[in-house]
Protein chains: 2
Amino acid sequence: MLKTLDTRISSLAKSEVDIRLEPLEKNPKAKPKSISEGPCATCSAHNQAICSGLKDHEMAEFARNIRTRLVKTGQSVYREFEEAKYVYSVVSGEIRLANLLDDGRRQITSFKSAGEVIGEQKKGYYQSDAEAVCDTVVCQIPIKALDKYHKEMPSIQSALSEKVLDELHELRHHAILLGRKTPIEKIATFLVDRARKIGDDTGNKVEVKLTMGRNDIADFLGLTIETVSRTITKLRKMGVLDVPSNHLILIKDLEWLENLAEGEK
Amino acid sequence: MLKTLDTRISSLAKSEVDIRLEPLEKNPKAKPKSISEGPCATCSAHNQAICSGLKDHEMAEFARNIRTRLVKTGQSVYREFEEAKYVYSVVSGEIRLANLLDDGRRQITSFKSAGEVIGEQKKGYYQSDAEAVCDTVVCQIPIKALDKYHKEMPSIQSALSEKVLDELHELRHHAILLGRKTPIEKIATFLVDRARKIGDDTGNKVEVKLTMGRNDIADFLGLTIETVSRTITKLRKMGVLDVPSNHLILIKDLEWLENLAEGEK
DNA sequence: CGCTGAATTGATAGAATTCAAGTTCTGTGG
DNA sequence: CCACAGAACTTGAATTCTATCAATTCAGCG
């Protein structure tokens with residue numbers, strides 16, 4: 001296991017360009033008196049993030065410890081077996097969590113977008129690879145700081161627990177999908193979930209923007225890229241949806257798609 | 001969703017016989033002064049359970065709130081969508097956690113044995129069906145009591161968090177298995193995991209006792225019962241293992257099986 | 001000793017993967 | 001703005017698996 005880790009880390013060292021957006025002030029030791037001076041001031045994900053329950057003075061303390069970081073498309077935030085020093089809150093963009101088999105087969109277990117937390121660890125090591133599906137901004141929170149918050153800001157702790165339980169719930173449902181659903185049901189479920197997540201709703205029609213490519217969808221649903229393609233085509237010919245462009249799906253009959261997702265005929 | 005719940009609960013009402021092992025003393029209000037009088041006194045799972053870190057006086061308090069409950073083969077401890085009032089620690093036997101699709105397809109997400117915790121909830125409702133694979137004893141812990149312990153017995157809280165993280169880790173790996181592994185890899189992984197769990201180890205040979213039937217294995221691995229059977233037969237003919245009886249697998253070459261589990265030819 | 005449910009085995013059909021083109025999309029540079 | 005190259009996606013044909021359906025064997029039990 002460790003050998004595998006070493007091998008993978010070294011083989012990735014070249015591409016591992018670490019781009020960080022440091023806080024605005026010149027001198028990083030000049031602690032901001034309020035969040036209006038730090039990256040939290042303009043955080044678009046604040047409402048959905050684990051810091052949403054914090055009071056003003058707590059928020060200031062929180063802001064002192066975090067850094068935002070831009071992760072460009074395809075770059076990794078962290079890798080499986082790497083020592084876990086941070087958890088991350090996704091600010092914008094999208095992250096894929098993936099696990100690999102030795103021969104390269106890949107399973108994506110989750111896509112995480114604004115407000116969601118990544119960085120779950122086991123015994124101090126990350127459990128998955130976390131990579132940016134598209135240009136993504138994450139908020140980097142030192143685990144040490146979290147330990148401190150544990151007593152001072154219980155809302156952080158409970159928000160985190162909540163996120164972990166959400167993830168469990170999500171994974172359970174993904175297990176049914178992977179183990180028991182047909183390709184049509186898988187694609188339908190995936191699109192319905194996206195539609196609900198984005199919620200760009202107009203009655204029974206929904207426009208779903210896909211940040212990820214067919215390959216990621218395939219590795220998420222346990223299919224090949226060809227089957228993903230064929231299945232989307234099939235749904236298009238059935239009249240359930242349209243595909244204006246590769247990264248855009250127009251669901252024409254959401255209810256129908258929901259039924260397909262649950263395997264009704 | 002609620003309709004589904006009602007339907008399922010009523011259809012199961014008949015078989016839902018709730019067998020409880022009340023504490024030994026006649027009067028349940030007579031609180032035991034020490035655990036020597038309660039069910040915790042003889043608990044065989046104590047070392048692995050969430051209560052293992054408790055001090056004597058904490059243990060006494062803990063013991064006051066719990067009840068043990070015998071769940072016979074096939075009976076359920078709780079069901080998906082049911083209001084979550086307890087978490088359970090498995091004392092002996094084995095529990096399967098399962099989720100169903102409307103048409104009856106089933107995915108088992110986990111088998112839980114002594115020391116493990118079940119009862120994860122989302123917004124107050126259980127996330128899965130929990131059923132006894134064989135005659136099983138569980139320790140029933142009111143969630144209300146847990147909330148109280150939160151402050152008084154932090155070791156419980158941290159042990160619980162640990163269990164939840166373990167479950168996440170387990171589910172992630174199960175996702176790879178379901179989405180990307182072949183039947184042989186699935187069966188091999190399953191048996192290797194069992195071998196590690198039970199650890200009845202004698203060098204490269206291990207005897208694995210299976211509490212569950214082929215159907216449960218199939219629904220756990222996302223296969224049909226026939227494929228499970230054929231795959232085990234194939235492994236037997238390859239010389240990797242023997243099958244002395246339906247519920248017993250003798251792994252003759254654990255290393256080989258481990259390689260098969262990871263997909264090495 | 002026969003009964004019942006579980007497991008295995010066999011034959012077949014269906015479905016998804018694989019392999020192989022072909023097509024469309026996207027971003028870049030002229 | 002267009003042409004071009006590479007990547008991403010779609011489509012087609014063949015193959016390989018796995019699920020399905022059906023029959024048989026096996027094991028535990030009254």
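Sequence lines set the chain letters: A, B, ... in the order given, protein chains first and strands last, and positions in each chain run from 1.
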Residue-phosphate contact under 4.0 Å: B:Thr233 side-chain N/O, C:dT9 OP1/OP2: yes
Pairing of A:Asp219 and A:Arg106 as salt bridge, 4.0 angstrom limit: yes
cation_pi(A:Arg67, A:Tyr86) dist<6.0 Å, angle<=45: no
Touch class at under 4.0 angstrom, heavy-atom based, for A:Ser245 against every strand present: nothing
Pair B:Glu116 + B:Lys197: basic N to acidic O under 4.0 Å: yes
For atom CD of A:Glu185 and atom C1' of C:dA15, their distance in whole Å: 14 Å
For atom CZ of A:Arg214 and atom C1' of C:dT23, their distance in whole Å: 14 Å
Closest nucleotide among C:dA7, C:dT9, D:dT10 to the B:Arg236 side chain: C:dT9
Nearest-nucleotide pick for A:His247, side chain only, options being D:dT11, D:dC9, C:dA7: D:dC9
Separation of C:dG5 P from B:Met212 CE (nearest whole Å): 22 Å
Any side-chain heavy-atom pair of B:Glu120 and A:His169 under 4.5 Å: no
Length of the line joining A:Ile232:CD1 and C:dC25:C1', which is rounded to integer Å: 15 Å
Rounded interatomic separation in angstrom, taking CG from B:Asn246 and C1' from C:dT4: 15 Å
Nearest-angstrom distance from the residue atom CG of A:Asn215 to P of D:dT10: 12 Å
Nearest-angstrom distance from the residue atom CD1 of A:Ile225 to P of D:dT10: 8 Å
Centroid-centroid under 6.0 Å between B:Phe81 and B:Tyr125 rings: no
From A:Thr109 atom OG1 to A:Arg96 atom CZ, the distance as rounded to the nearest 0.5 Å: 12.0 Å
Taking only nitrogen or oxygen atoms into account, show me every contact under 3.5 Å that the protein makes with nucleotides 16-23 of chain D, one pair per line with its distance.
{"from": "D:dA19", "atom 1": "OP2", "to": "B:Thr224", "atom 2": "OG1", "distance (Å)": "3.3"}
{"from": "D:dA19", "atom 1": "OP2", "to": "B:Thr227", "atom 2": "OG1", "distance (Å)": "2.4"}
{"from": "D:dT20", "atom 1": "O4", "to": "B:Arg230", "atom 2": "NH2", "distance (Å)": "2.7"}
{"from": "D:dC21", "atom 1": "N4", "to": "B:Glu226", "atom 2": "OE2", "distance (Å)": "3.0"}

Just distance, no hydrogens or angles: give the donor-acceptor pairs under 3.5 Å from side chains in residues 235-247 of chain A, sequence neighbours left out.
{"from": "A:Ser245", "atom 1": "OG", "to": "A:His247", "atom 2": "N", "distance (Å)": "3.3"}
{"from": "A:His247", "atom 1": "ND1", "to": "A:Leu210", "atom 2": "O", "distance (Å)": "2.9"}

